[in-house]
Amino acid sequence: MQPYRPNLGATLDLIETPSLLIDLELMESNFDVISKTYSNTLCKMRQHAKNIKCPDILWRQIEIGGTLNGVCTAKVSEAEVMVEGGIRDVLITSEIVGEDKQRRLAYLAKRADVKVCIDNETNLNSLSLIAQEIGSEIGVLIEVDTSMGRAGIRTAEQGVELAKLAESLASIKFLGVMSHQTVDGFADKETRFIEGKRYIDKCLAVKTAIEDHGIEVTIVSSGETFSYDVAPQIEGVTEVEGGTYALMSGPAKYMEEFSLAGKVLTTVIDVTETEIVIDAGLRCLGGPLGVTPTIEGHDELTFIEMHDSYSVLSVKEGNIFRIGQTLFICTSQQDILVNRWDNFIGVRDGVVEAVWDISARGCHH
Amino acid sequence: MERPTSKPIGHHYLELDTPALLVNSKLLKSNIENAKSYLKDTSCKLIPNVGTHGAAGIARYQTNFDHEAPVFVDTLQQAHSFANNGFKNIIIESPPVGTGKVESLHRLVNTAHVTISISNLAHLNLLKHFSSENLSVLFRIPNKSDSVGIRTHQTLLELVKLLEEHFEINWKGLITVSKGSDSLEGSFKEILSAKSFLQSHFFTSNELLINTSNQSLTKAHANLPSEITGLISGNYPFEINGYFPVCSVVSTVMSTPEPGRAYIDCGQKAISIDRGVPSVVNYGNAVVEKMSAEHGYLVFDTAEMDLKIGDKILLRPANYSDTFNLYDFINLIKNDRLESVIETTARGTFK
C-alpha cells in the first residue's frame, strides 16, 4: 500500500494523523550547532544514518557543514541505501558476519568508500577471502569496547594482534579504531566531559599501542551526541558518530543546545472526565520495556496504556481536551520510532515543505 | 524497506539472511484449525484480528479463503489494505476521527462492507452524511478491564435511538474489549447488561462481540455465554504449539567478545521489546540480557554450552503484533525449509 503523503503547502490541520513530522527550523538549528562546533577542528562529524535512515536529510547536514561528507550506518543494507542516495563515504559501525552480507559489503566497496568494524580474526579472515574473490578492497576499523560491554576488543593487546593481521591480509586496508559510548541518565556538562574523555581515552590507548608497533592509524572514530563537543577537544580523534542530535528524543533532553525536531502529530479520538484517547499507539511510537513518550506542552498528560493503534492518557486536572484536537508527541526512543515509519513530513511555520521517504526503514540486514 | 539477500524456495531456514521473520506454516494452520474447533459447537463465530500480523496471505488461511468472512482491523488504513486484497467484510476498531478519515471511510464503503466501533455522540455524528447499506456501527461498551466506551446505559439508549431514527446506516450491535487474561468474565457482564437494558426498551442488538485480541485463545472460550455472537482474537495463529514457536526471528551471532556472552544481529528494530524481551528457543541455557536498537546481547553459562560466530539463534517474540510491524516479509517455513515468502501488506498503516 502506498504510504500517505500530504500535499506540499498543506497546513498542519490538513495532515492526517498519526504522522511523523520534522520541524525543519529546529532540525536546521541542530545542524547549525554541528557546523559551528566543527568549523575549525580537524575532527569532524560523521552523522549516524541509523537514526535518520534518509539520505536527503543526511545530505542537508553535509551541505550545512561540520561533517567529513560521509555517514555511518549500522547494517550493510543501510549502507547500500546511503550509497544509492549519493553518499560516497560510509562507515559500518558493526561487525558484518556471514557470507551473504560480506559479499554485499565487498561489492559495495567497489562502488564507494565503504569501511567496516571488526573485533575478531574469524570475521577479518573471511572478509579478506571474499573481498579477494570479488576484487575489491575493504577498509577496516577495530571496534574497541570502552564502556558498553557489547562487541569490541577488550584489551590493547587484542587490538595490536588484529591490526597486525589486517595489515597482512590481501584486499583489506587497516584504517584505525572505533568505539561507542554512553552516559547514564541526565548528565550535566561536567559529567559529559569527564565520562566522554575517559571512554575516548581507552580507544586512544589502543591507537597508541597499534602505532607503537609501527602500524599507521588514520581514523579514530569515537564520540556520540552526548560527547559531540568533548571529542574534538581530544587530540587524535578524527571523527564523531552523532545521530540522535538531528531530531533529538526525550532521554537526551539534557543536551540543551539541541531541540526536539522530530515529533508525531496525533488526534484526540475520545475524551472522558479523567482520560483522553489518542490515535497513536505502540506500533507507530514504540515503547521499549514500558518507556513512554510525552505530549509537548502538556505536562498534565500521562500515558497510562499503550495499545497497538491507540493510547490512553490520564489528565491530572479538569479535562479541557476535545475530540478532534491535535497534539504533538515527543518521542522516547527516536531511532526505534523512525524505523517504523515510511516517510518524514518536513514542516516549517506550520506548512508542509517536504516529504521524504525513509528509504532505509526496515534495513535490518 | 527490508532488503534481505533473497533465497530460493526450499532453502533451510538457518540459511536465510538474518534477522528474518519466520512463521511455521504447518503449526500456523494447525493453530487456526484448533481455534475454529474450540468454537464449532457454539453459536459464536471466530473473527480474526488480522491487524495483528497485517498479512493478507495469513488472513486468507484464517478465513478459509472466504473473502466475505468478517475480519477485524485496528485502523482505517489497515482496512483499505485488506479491502485492496479482496476482503469484503471488515470491522474497524478506531472511529474515523481526524483529518481525512471520514473521506477515507466514504471510499472504503464503496469497496467493502464496513463495521465501525464508536463510543460517543461525536463519533456517531461523523457518520451523519453516510447513506449506505455497506456501513454498520457497533457501540463500544466499557468494562472493568477497559475504560473506553459508552459509560451509561441511558447514553447508549439515546445513541441507539438517534441512529435508528435519523441515520441511514445500520446498527449492528455492541462490542467490548477484554484486556488481560483474567478479565473475560468481567467483560461479559457489562455487555450482557447493556444488551438487556436495550432489550427492555425494545431495541435488539444482533451482534455482541468480544475483542480478546491480546489474549490466548483456549478451549475455555467454548464456554462463552450463548448471547455472545463473535469472538475477536489476534494471537491464536501464533500460540506455542510444541517445542518450536509458530512465529520466531532467526538471527546470527556476530561477536563473542567474552566467555559466556554473545552479540547477535537482531535488536529492537528487528524484534520488538515494547511488551517484553524475547526468549531464546534453540539454546535453552542462553537468555537475552538486553537489546539495543540494532543488536542483542545473550548471556549463558559456559559450563553448559558455547556459542561461536555465525551460530544461528532462534528468538520467540514477547509480542507477535509488535514484531510483525517491523517486517515487510514473512518467511513461511515447512519442515525446516522455506515454503514461500509473503508480504505484511498492511505494515505501517497507522492511520
Side-chain angles (χ1 to χ4, degrees), chain A residues 1 3-4 13-19 50 74-75 77 80-81 94-95 97-98 100-101 104 119-120 122-123 145 149-154 267-270 272 275 277 279-280 282-284 286-289 306 308-310 312 323-324 326 333 335-336 339-342 361-365, chain B residues 1-5 17-19 51 74-75 77 80-81 84 93-95 97-101 119-120 122-123 147-148 151 213 252-258 261 263 265-266 268-270 272-277 292-295 297 309-310 321-322 325-328 345-346 348-351:
Chain A
M1 193 165 170
Y4 162 76
D13 58 307
L14 295 176
I15 298 175
E16 294 184 20
T17 61
S19 279
K50 83 185 184 80
K75 304 284 174 122
S77 58
E80 289 172 343
V81 173
S94 310
E95 292 68 32
V97 172
D100 288 335
K101 292 192 181 76
R104 286 169 75 164
D119 73 349
N120 64 77
T122 312
N123 189 17
D145 176 54
R150 310 202 307 197
I153 56 145
R154 287 346 195 212
T267 300
V268 177
I269 58 171
D270 205 353
T272 68
E275 293 171 355
V277 182
D279 65 358
L282 275 173
R283 281 206 193 107
C284 74
L289 298 177
M306 291 181 79
D308 288 346
S309 62
Y310 68 93
V312 182
I323 291 172
T326 53
Q333 274 286 341
D335 62 334
I336 308 281
N339 186 53
R340 298 175 180 208
W341 290 81
D342 291 300
R361 197 267 310 149
C363 285
H364 319 300
H365 298 96
Chain B
M1 78 188 305
E2 256 192 286
R3 296 163 69 116
T5 303
D17 198 5
T18 62
D74 303 309
T75 67
Q77 239 185 353
H80 276 284
S81 173
N84 290 345
E93 178 169 50
S94 304
V97 179
T99 300
K101 288 184 182 166
S119 44
N120 55 49
H123 295 165
S147 62
V148 181
R151 297 294 175 105
S213 289
T252 304
V253 174
M254 302 166 59
S255 177
T256 51
E258 292 173 30
R261 298 183 75 84
Y263 184 63
D265 64 0
C266 177
Q268 290 182 49
K269 289 180 185 172
S272 170
I273 62 164
D274 289 351
R275 289 181 260 208
V277 175
S292 69
E294 314 289 347
H295 304 109
Y297 310 91
I309 292 167
S321 167
D322 295 345
N325 182 45
L326 302 174
Y327 284 87
D328 296 290
T345 37
T349 48
F350 307 137
K351 292 177 177 58

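Residue numbers begin at 1 in each chain, while the letters A, B, ... track the order of the sequences.
- Heavy atoms of B:Asp74 lying under 4.5 Å from chain A belong to its backbone as well as its side chain.
- Taking the six-membered ring for Trp and thresholds of 30 and 60 degrees, B:Phe350 and A:Trp341 have ring planes more than 60 degrees apart, a perpendicular arrangement.
- A donor atom on one side chain and an acceptor atom on the other are not found under 3.5 Å apart for A:Ser94 and B:Glu294.
- Contacts of A:Ile15 with chain B are made by backbone atoms alone, with heavy-atom separations under 4.5 Å and no side-chain atom involved.
- For a residue to count as touching a neighbouring chain, one of its non-hydrogen atoms must lie under 4.5 Å from one of that chain's; by this rule A:Asp145 does not touch chain B.
- Only the side chain of A:Lys75 comes within contact range of chain B, judged by heavy atoms closer than 4.5 Å.
- Of the two parts of A:Asp119, only the side chain, counted from C-beta on, holds a non-hydrogen atom closer than 4.5 Å to a non-hydrogen atom of chain B.
- Using a 4.5 Å cut-off between heavy atoms, B:Arg3 contacts chain A through both its backbone and its side chain.
- For B:Ser321, the parts lying near chain A are the backbone and the side chain together; criterion is any non-hydrogen pair under 4.5 Å.
- For a residue to count as touching a neighbouring chain, one of its non-hydrogen atoms must lie under 4.5 Å from one of that chain's; by this rule B:Gln77 touches chain A with backbone and side chain alike.
- For A:Glu95, the parts sitting under 4.5 Å from any heavy atom of chain B are the backbone and the side chain alike.
- For chain A, the nearby parts of B:Thr5 are the backbone and the side chain; heavy atoms of each come within less than 4.5 Å.
- Residue contact with chain A, scored on non-hydrogen atoms closer than 4.5 Å, involves the backbone and the side chain of B:Val277 alike.
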Would you please test B:Lys101 and A:Asp279 for side chain to side chain contact (heavy atoms under 4.5 Å, CB included) and show each step? CA-CA 12 Å; B:Lys101 288 184 182 166; A:Asp279 65 358; 2.8 Å; yes
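- Heavy-atom distances place both the backbone and the side chain of B:Asp17 under 4.5 Å from chain A.
- Only the side chain of B:Asn120 comes within contact range of chain A, with at least one heavy atom under 4.5 Å from a heavy atom of that chain.
- Contacts of B:Thr345 classified as side-chain hydrogen bond (donor to acceptor under 3.5 Å, both in side chains), with partners at least two apart in sequence or in another chain: none.
- For A:Thr326, no part sits under 4.5 Å from any heavy atom of chain B, backbone or side chain.
- Residue B:Thr256: no heavy atom, backbone or side chain, is found under 4.5 Å from chain A.
- Both the backbone and the side chain of A:Ser77 come within contact range of chain B, with heavy atoms under 4.5 Å apart.
- Heavy atoms closer than 4.5 Å to chain B are found in both the backbone and the side chain of A:Arg340.
- The side-chain contact (heavy atoms from CB on, under 4.5 Å) test applied to A:Arg150 returns A:Met148, A:His180, B:Tyr263, B:Ser292, B:Tyr297, not counting sequence neighbours.
- Contact annotation for A:Tyr310: only side-chain heavy atoms (C-beta onward) come within less than 4.5 Å of a heavy atom of chain B.
- B:Thr18 and B:Thr252 share a side-chain donor-acceptor pair at under 3.5 Å.
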- Query: Which is it for B:Thr349 and B:Ser81 under the side-chain hydrogen bond (donor to acceptor under 3.5 Å, both in side chains) test, yes or no, and what are the steps along the way?
  - Reply: CA-CA 8 Å; B:Thr349 48; B:Ser81 173; 5.8 Å; no
